[in-house]
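Quick notes on the structure that follows.
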Amino acid sequence: MGKLQEDFEKIWAVIRRVPLGRVATYGQVAAEAGFVKRPRLTAQALAHVPPGMEIPWHRIINAQGKSSMPEGSRGNREQLKRLKNEGIKIVKGKIDLEVYRWRPRSLAPLLD
DNA sequence: TGCTTGACCGACG
DNA sequence: ACGTCGGCCAAGC
């Protein structure tokens, strides 16, 4: 396994902890996985999720409270649809992070 | 080898 | 509520 692949695993592990009905930002996920200031690693990890792997990818949104997928794209609609199904309110394409952001017990892993 | 591009972010004006 | 900038770093060309 390459190092990048291992990093992806850590990111995916964090994403799997985001509970139903809540969301997390790219930067938040990266930091929680031990990669501060590397939100793009989360984006990359999501883009490389193996087919068939079960993971709540739709709960990851950007720091502006919006889906980062191209507006109007299939993925974008699918994401918003799933979030609504989980009871999340979306006003003008935006989610209130103050209300729906996932708040884990530990802010960052001290181990690795 | 160098430059551009990303499912990004926070600070600043 | 914008637009810009610098930080970040793997991939593709």
Side-chain angles (χ1 to χ4, degrees):
Chain A
M1 260 328 160
K3 186 197 180 301
L4 184 60
Q5 199 60 211
E6 293 175 26
D7 290 347
F8 284 172
E9 303 279 359
K10 294 178 185 172
I11 294 289
W12 294 332
V14 170
I15 293 176
R16 279 190 277 264
R17 290 175 39 213
V18 182
L20 186 154
R22 320 232 65 188
V23 296
T25 67
Y26 294 84
Q28 182 185 354
V29 169
E32 188 70 15
F35 305 100
V36 181
K37 292 184 180 177
R38 291 192 56 192
R40 299 187 108 129
L41 182 58
T42 300
Q44 230 187 325
L46 279 172
H48 291 100
V49 171
M53 169 182 263
E54 192 162 334
I55 193 170
W57 58 271
H58 58 285
R59 295 179 191 146
I60 310 307
I61 62 180
N62 63 35
Q64 285 71 62
K66 303 192 292 188
S67 162
S68 273
M69 310 197 76
E71 190 158 357
S73 68
R74 199 191 63 221
N76 177 273
R77 288 194 301 276
E78 177 67 17
Q79 180 170 28
L80 298 181
K81 173 186 155 192
R82 290 189 182 209
L83 291 174
K84 286 175 190 166
N85 282 341
E86 297 189 355
I88 293 176
K89 283 178 196 164
I90 303 174
V91 183
K92 300 183 69 129
K94 208 164 85 185
I95 292 165
D96 189 340
L97 286 170
E98 287 297 305
V99 175
Y100 299 104
R101 185 202 287 277
W102 169 49
R103 290 178 172 72
R105 272 83 182 296
S106 62
L107 293 180
L110 301 175
L111 308 175
D112 120 304

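These numbers come from the heavy atoms of this one structure, side chains and all, not from hydrogens, waters or symmetry mates. Numbered from 1 within each chain, the chains take letters A, B, ... in sequence-line order.
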Legend entry - Transitive ILVMFWY side-chain link A/L4 to A/V29, under 4.5 Å: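 Looking at the clustering, A/V29 is in the same group as A/L4.
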
Inset, instruction - Answer whether the closest heavy-atom distance between the side chains of A/L41 and A/Y26 falls below 4.5 Å. - result: no

Legend entry - A/E32 side chain near A/R17 side chain, heavy-atom distance below 4.5 Å: yes

Inset, instruction - Remember a base hit wins even if backbone is also touched, and classify A/S67 as base, sugar-phosphate or nothing at under 4.0 Å, heavy atoms. - result: nothing

May I have the list of side-chain donor-acceptor pairs in residues 58-69 of chain A shorter than 3.5 Å, sequence neighbours left out?
unit_1 : atom_1 : unit_2 : atom_2 : d
A/H58  : NE2    : A/E86  : OE2    : 2.8
A/R59  : NE     : A/E86  : OE1    : 3.0
A/R59  : NE     : A/E86  : OE2    : 3.2
A/R59  : NH1    : A/V18  : O      : 2.8
A/R59  : NH2    : A/E86  : OE2    : 2.8
A/N62  : OD1    : A/Q64  : N      : 2.9
A/N62  : OD1    : A/G65  : N      : 3.2
A/N62  : OD1    : A/K66  : N      : 3.0
A/N62  : ND2    : A/K66  : O      : 3.3
A/N62  : ND2    : A/S68  : OG     : 3.0
A/S67  : OG     : A/M69  : N      : 3.2
A/S67  : OG     : A/N76  : ND2    : 3.3
A/S67  : OG     : A/Q79  : OE1    : 2.6

Legend entry - Partner set under salt bridge (charged side-chain N to carboxylate O under 4.0 Å, His left out) for A/R82, not counting sequence neighbours: A/E78

Legend entry - For A/K3, salt bridge (charged side-chain N to carboxylate O under 4.0 Å, His left out) partners two or more places apart: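 A/D7.
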
Inset, instruction - Please find the earliest and latest nucleotides of DNA chain B, in the 5' to 3' direction, that have an atom within less than 4.0 Å of any heavy atom of chain A. - result: B/dG6 to B/dG10

Legend entry - Whole-Å P distance, B/dA7 and C/dC2: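 After rounding to an integer number of Å, I get 22 Å for this pair.
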
Inset, instruction - Pick the P atom in C/dC8 and in B/dT1, then give their distance to the nearest Å. - result: 22 Å

Quick one: does any side-chain atom of [X] pair with a main-chain N or O of [Y] as donor and acceptor, under 3.5 Å?
{"X": "A/W12", "Y": "A/A45", "value": "yes"}
{"X": "A/E9", "Y": "A/E6", "value": "no"}
{"X": "A/R77", "Y": "A/G72", "value": "yes"}
{"X": "A/R101", "Y": "A/D96", "value": "no"}

Do any N or O atoms of the protein come closer than 3.5 Å to N or O atoms of nucleotides 8-13 of chain C, and which pairs are they?
unit_1 : atom_1 : unit_2 : atom_2 : d
C/dA10 : O3'    : A/Q44  : NE2    : 3.2

Legend entry - Sub-4.0 Å heavy-atom contacts from residues 68-100 of chain A onto DNA chain B, ordered by number: A/S68, A/M69

